[in-house]
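Quick note: residue numbers are just sequence positions, from 1. All values derive from a computational prediction rather than experimental measurement.
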Amino acid sequence: MSVRISTRGVRTSVGPRAARISVGTGGTRISSGVGPLYASSSLGGGRRRNSTSRTTGSRTVAPSAAQLERARRQAERAQQEAERDAAIAQLTELRRQTTSVHLQSFTPIRPPVVPRPQQLSLAWALAEAQAHHLAGLGIFARAERAAAKRRAEEDAPTYLAAEEARLQAVHSELMAEATQWWQALTANDEETVCEAVNYAFSDNAAAGCAVGVDGAVLSVVMRQQDIDTLPAQMPGLTPSGRPTLKTLSKRDRTMWWLSTLGSNVVATLKEAFAVAPGITAVDLAVLTRLPDTQRLGFVAYGRWTRQAIEAGPWREPTDALRFLDIGQDVACSVTTTASGNLSSSIKPLNTNRLPGLQSLLDHAQDDTGSDEATLAGLDGDLLANNPAAHSAPLPDRYRIRPFAEWKTQTAHPTPPPAPALPGRAPATALTPGQNLVLPEEGWQGLLIAFSFAGADADLTLFLTDADGQVTCDEDFVFYNHPSAAQGAARLLGKQSEGLHTVERAALHLAALPAHIQRVTIAINMDVDTGLTCGALTHASLYMDCVTGAAWTFQPPADPGIRAMTIAELYRHTINGQQVWKLRANGQGWADGLDGLARAHGVNIT
């Protein structure tokens with residue numbers, strides 16, 4: 001018997017070499033050996049070490065700290081790359097937009113086309129008349145309904161003829177107004193040209209404003225964005241060619257700003273020539289805030305002709321810089337050195353040698369008298385130059401009168417204009433949009449009378465600046481505040497005269513303070529009634545000078561509005577002389593007095 005102990009276990013063997021039995025680790029075996037031969041076999045009951053069976057099952061292995069840190073760094077890198085790519089795309093698009101404004105095309109203006117009114121038929125007129133006459137009649141009131149239908153058949157042809165004649169008259173008026181406007185525009189009437197150009201400029205990236213016309217030359221002031229508003233970075237490439245963001249150098253920033261300036265200048269010139277067909281040249285000056293001093297100053301000016309702008313090949317963003325070469329007497333704060341580098345600073349240009357520009361600044365002077373206040377005021381005017389944002393919706397001149405309205409006006413026809421008083425001219429009827437120069441006697445005293453029937457309305461006056469905004473709430477003249485400007489504008493009260501109600505006012509234009517540039521005459525419906533201007537009948541505005549001419553205007557009876565401006569008096573300069581002009585209006589606000597007051601800068605509480 002022998003015992004064997006090893007690292008693999010313990011085994012015991014008994015017997016001679018010829019027949020020896022071994023037990024222990026690895027199971028029971030029998031072996032036999034004779035001479036050099038030896039054999040061994042297992043007797044079962046045991047398991048071989050190398051055949052040991054194991055039961056395996058699924059188990060969750062948590063990631064290590066190193067794996068978590070690696071995943072976190074990868075997520076951060078992916079987010080940073082996504083943010084970088086988004087910033088690169090945004091900056092690339094911003095640069096493309098700011099330097100490609102001049103590539104857009106502006107369609108030249110054409111004579112306005114006045115659409116014709118809609119066609120009316122007898123069947124339509126009969127249906128309208130029957131709806132009116134049958135209103136309130138029961139289906140079993142056969143006799144009354146038959147009589148109502150007969151009245152409708154009698155009224156329908158007359159109603160149709162009246163509406164067709166009225167719409168044709170309105171179309172003729174619109175044609176005359178369009179022809180007059182086009183003639184004024186092509187003849188370079190200063191007010192007409194500036195109004196049309198400023199309306200076109202109102203949506204420009206760089207705020208622009210037409211400030212005057214001299215012959216066939218238009219004067220424009222443009223507000224260029226400040227160079228400090230440009231981003232601090234720009235797209236670039238790493239040495240290995242990968243996209244990245246790099247800090248914008250001073251030279252690159254100046255070049256970007258100059259390209260933007262040129263693009264805006266060319267676009268402004270192209271649009272001005274497209275809108276004003278009679279203009280052959282534009283004097284343009286550019287205003288911006290200087291980076292070193294943060295003060296406003298002019299950084300570019302010159303004269304550009306229509307021929308030079310229309311002949312230019314505007315195909316690439318770099319073409320915008322040609323504005324420096326194709327103009328006359330062009331000056332720019334950004335200059336090129338002898339080595340080809342751009343100037344390191346942007347300094348304001350000296351405007352003393354430009355009488356027109358200096359005159360503009362002189363007339364823009366406010367009470368402080370400082371140059372900075374002057375430029376700040378001009379800067380504010382440029383940024384606020386958006387006529388489209390302040391204009392009220394125009395009334396529908398082709399509005400069809402309902403049958404009931406026509407029937408009422410037929411039963412109570414509008415009285416003829418009041419006869420001229422001894423020594424005075426007959427009243428001149430004005431059409432919406434018509435304007436005229438007020439004679440000087442009208443400056444000393446202008447009497448206003450608004451007469452109406454059918455509902456109650458109030459007369460109001462707004463004493464405003466050139467932008468149509470009151471400088472203080474005291475410049476709003478209404479029934480609770482009937483006088484302003486030390487009595488130069490006042491309401492005289494409302495009274496009944498026969499079938500009409502008349503409210504009167506008086507204006508002493510010559511006595512108005514210098515900051516009052518406009519006087520808006522408006523009406524608003526009584527808020528307690530909930531009625532609209534469509535409820536007014538025989539509404540008429542009458543104005544006359546104390547010793548001279550008279551005018552009358554009939555505002556539209558629009559059922560969709562509760563307040564409207566019916567006339568406007570404003571200062572104007574003709575041949576260097578200041579005059580007052582009168583314009584008939586007729587524009588309204590659906591929300592009544594609140595909207596009317598807010599549009600003129602009155603604080604509504």
Side-chain angles (χ1 to χ4, degrees), residues 106 108-109 180-202 204 206-224 264-287 297-312 323-324 326-332 349-365 374-375 377-379 381-382 385 387 435-437 466-467 517 570-581 583:
F106 300 95
I109 195 170
Q180 180 182 6
W181 177 85
W182 179 252
Q183 291 175 348
L185 181 68
T186 54
N188 291 334
D189 175 73
E190 183 175 64
E191 182 179 2
T192 305
V193 171
C194 290
E195 183 179 9
V197 170
N198 287 336
Y199 187 87
F201 284 171
S202 60
N204 287 7
C209 183
V211 295
V213 176
D214 183 10
V217 179
L218 175 68
S219 297
V220 174
V221 178
M222 192 188 83
R223 176 62 161 91
Q224 169 67 8
N264 287 325
V265 166
V266 174
T268 299
L269 293 169
K270 291 173 66 176
E271 189 169 24
F273 287 128
V275 173
I279 295 298
T280 60
V282 173
D283 287 339
L284 187 144
V286 182
L287 180 70
F298 285 98
V299 292
Y301 58 77
R303 171 175 291 187
W304 289 266
T305 64
R306 177 185 293 272
Q307 181 180 4
I309 295 298
E310 292 181 349
F323 85 99
L324 296 169
I326 63 175
Q328 302 173 7
D329 299 326
V330 177
C332 182
L349 299 175
N350 184 6
T351 60
N352 292 332
R353 69 184 187 89
L354 294 178
L357 188 57
Q358 192 60 43
S359 175
L360 173 65
L361 295 180
D362 293 340
H363 284 84
Q365 284 281 3
T374 298
L375 294 176
L378 184 59
D379 184 47
D381 293 341
L382 282 169
N385 177 37
N435 60 69
L436 52 87
V437 178
D467 295 325
Q517 296 291 312
Y570 57 97
R571 300 181 192 264
H572 189 64
T573 302
I574 298 179
N575 297 327
Q577 298 294 324
Q578 189 178 85
V579 299
W580 280 90
K581 297 190 73 174
R583 178 190 293 125

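Between the side chain of N198 and the backbone N or O of A210, at least one donor-acceptor pair lies under 3.5 Å. Looking at W304, its side chain never comes within 3.5 Å of a backbone N or O of D283 through a donor-acceptor pair. Side-chain N or O atoms of D329 include none that pairs as donor or acceptor with a backbone N or O of G302 at under 3.5 Å. A donor-acceptor pair under 3.5 Å is absent between the side-chain atoms of R223 and the main chain of V286, judged by distance alone.
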Requested in this report: Evaluate the side-chain contact (heavy atoms from CB on, under 4.5 Å) criterion for residues V282 and R303: first the C-alpha distance (whole Å), next the side-chain angles of each, then the deciding distance (0.1 Å), finally the verdict.
Outcome: CA-CA 6 Å; V282 173; R303 171 175 291 187; over 6 Å; no
Query raised in the report: Yes or no on side-chain contact (heavy atoms from CB on, under 4.5 Å) for V211 and C194, after CA distance, side-chain angles and deciding distance?
Result: CA-CA 7 Å; V211 295; C194 290; over 6 Å; no
Query raised in the report: Given the rule in the side-chain contact (heavy atoms from CB on, under 4.5 Å) test, do K581 and E191 qualify, once you have shown the distances and angles that lead to the verdict?
Result: CA-CA 11 Å; K581 297 190 73 174; E191 182 179 2; 3.2 Å; yes
Query raised in the report: side-chain contact (heavy atoms from CB on, under 4.5 Å) between F106 and L269: does it pass, once the steps are laid out?
Result: CA-CA 10 Å; F106 300 95; L269 293 169; over 6 Å; no
Requested in this report: Check the pair E310 / K270 against salt bridge (Lys or Arg N to Asp or Glu O under 4.0 Å), numbers first and verdict last.
Outcome: CA-CA 8 Å; E310 292 181 349; K270 291 173 66 176; over 6 Å; no
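A 4.5 Å side-chain heavy-atom check between H572 and I574 finds at least one atom pair inside the cut-off. At a threshold of 4.5 Å between non-hydrogen side-chain atoms, the residues Y570 and R583 count as touching.
One distance of note links CD of E271 with CD1 of I309; it measures 13.0 Å at 0.5 Å rounding. One finds the CD atom of Q578 at 5.5 Å from the OG1 atom of T573 (value rounded to the nearest 0.5 Å). Distance OH/Y301 to OG/S219: 14.5 Å, rounded to 0.5 Å. Expressed to the nearest 0.5 Å, how far CE of M222 lies from CG of L284 amounts to 6.0 Å. Interatomic distance, SG of C332 versus CZ of F323, reported as 4.5 Å (0.5 Å rounding). Within the model, atoms CG of D189 and CH2 of W181 stand 11.5 Å from one another, a figure rounded to the nearest 0.5 Å.
Closest heavy-atom contact between V220 and F201: CG1-CE1, 3.9 Å. The shortest non-hydrogen separation linking R306 to I279 is NH2-O, 2.7 Å. Counting all heavy atoms, side chain and backbone alike, P277 lies closest to T186 at CG-CG2, 4.0 Å. For the residue pair A206 and Q224, the shortest heavy atom distance occurs at CB-OE1, 4.5 Å. Shown here for A272 and L218, the closest heavy-atom pair between the two residues is CB-CD2, 4.1 Å. Summarising the geometry of G278 relative to A216, their closest heavy-atom pair is O-CB, 3.7 Å, with the distance given to 0.1 Å.
Annotation: Q577, atom CD; neighbour count of heavy atoms from other residues, nucleotides and ligands within 6.0 Å does not exceed 12.
When each of V193, V197, L185 is paired with V275, the side-chain contact (heavy atoms from CB on, under 4.5 Å) condition holds for V197 and for no other.
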